[in-house]
Amino acid sequence: MSTLAPLIGVCADLKTINEQPFHVVGDKYLRALAEAGGCAPLIIPALADVLDIAGLLQRLDGLFLTGSLSNVHPSHYGEAASPLHEPYDTARDALTLRLIEQALSQQLPLFGVCRGFQELNVALGGTLHPALHTLPERLDHRRQQSPELDVQYGPQHTIRLRPDGQFQQILGKPEISVNSLHWQGIDRLAPGLEAEGWAPDGIIEAVRVKDARNFALAVQWHPEYKAAQNPDSVKLFQAFGAAARAYAATR
């Protein structure tokens, strides 16, 4: 097996900075892949209209779908746009939904976080709820109102893991504590996904792709935040890195 770090494609957001478009990825995602996963991250710009997505993924060893302040446009799951669904990043939608389709077709290891978790559900035919905190008997999953990042990304609730599921195998326990910084979430689970983790209010927060031969998991929380300092996050990124190395060895 090659000793080179596996090359992981990381989807970019399209943001306007000083009235100009920039393709950006948060440092925490790249650092988690490199430090906790032993991977070499490569940013994929939100240029779905000009990129050869299938050809690009053939050069990679894995795909990572980040979180974002933006949400998947509801037209992708059959709903009308409303202020509850905003803000949008349609360039990212165009990129990630094609990336997911091609990555799963090629059996490329895939790991999604927060928006990436939601994108995976939408790409496979599921739907999202725009405001979980408005539902009866649901927790408020939005970020803590604090200027301190350690408070915003601090543990907020537990996740119950499916017995003998892939997450429990990786993490070695039936329950973990996670942060929570989202207001949207899964409404209807895509038929191609298996739920493997639930918040105390029943919201699905961990899934795996049913027919994937390789690592194909996604989480609603943010394991990338100071990942190297969190044993559970380290296990997730190490498992993803190991799957990417194994995939690289077969190419």
Can you name the closest pair of heavy atoms from [X] and [Y] and give their distance?
X	Y	value
Leu193	Lys210	O-CE, 3.1 Å
Gly67	Arg92	O-NH1, 3.7 Å
Cys11	Val25	O-CG2, 3.4 Å

Hey, could you give me the [atom1]/[atom2] distance between [X] and [Y], rounded to the nearest 0.5 Å?
X	Y	atom1	atom2	answer
Asp13	His23	CG	NE2	10.5 Å
Thr66	Lys28	OG1	NZ	9.0 Å
Leu14	Leu95	CG	CG	10.5 Å

*Give the intermediate values and the outcome of side chain to side chain donor-acceptor pair (under 3.5 Å) for residues Gln118 and Gln220.*
CA-CA 8 Å; Gln118 296 169 8; Gln220 182 62 84; 3.2 Å; yes

*Indicate yes or no for a side-chain donor-acceptor contact from Ser105 to the backbone of Glu101 under 3.5 Å, with no hydrogens or angles considered.*
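No; judged by distance alone, with no hydrogens or angles, the pair does not exist.
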
*May I ask you to decide if Gln58's main-chain N or O and Arg251's side chain share a donor-acceptor pair within less than 3.5 Å?*
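Yes: the side chain of Arg251 pairs with the backbone of Gln58.
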
*State plainly whether the residues Arg115 and Asp93 are in salt-bridge range, i.e. N to O under 4.0 Å.*
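Salt bridge present between Arg115 and Asp93.
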
*Arg31 bridged to Glu224 by N-O distance under 4.0 Å*: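 Not counted as a salt bridge, because no side-chain N and carboxylate O are separated by less than 4.0 Å.
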
_Does the plane of the ring in Phe111 sit parallel, tilted or perpendicular to the ring in Phe237? Use 30° and 60° as the thresholds._
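Perpendicular, since the angle between the ring planes exceeds 60°.
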
_Heavy-atom count check: over 12 atoms from other residues, nucleotides or ligands less than 6.0 Å from Asp164 CG?_
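Count not over threshold, so no.
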
*asked:* Between Tyr247 and Phe215 (judged by ring centroids, cut-off 6.0 Å), do the two rings come close enough to count as a pair?
replied: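 Between Tyr247 and Phe215, the centre distance exceeds or equals 6.0 Å.
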
_Is there a side-chain contact between Leu236 and Asp232 in this structure, where contact means two heavy atoms from C-beta onward sitting under 4.5 Å apart?_
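Counting from C-beta outward, Leu236 and Asp232 never come under 4.5 Å.
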
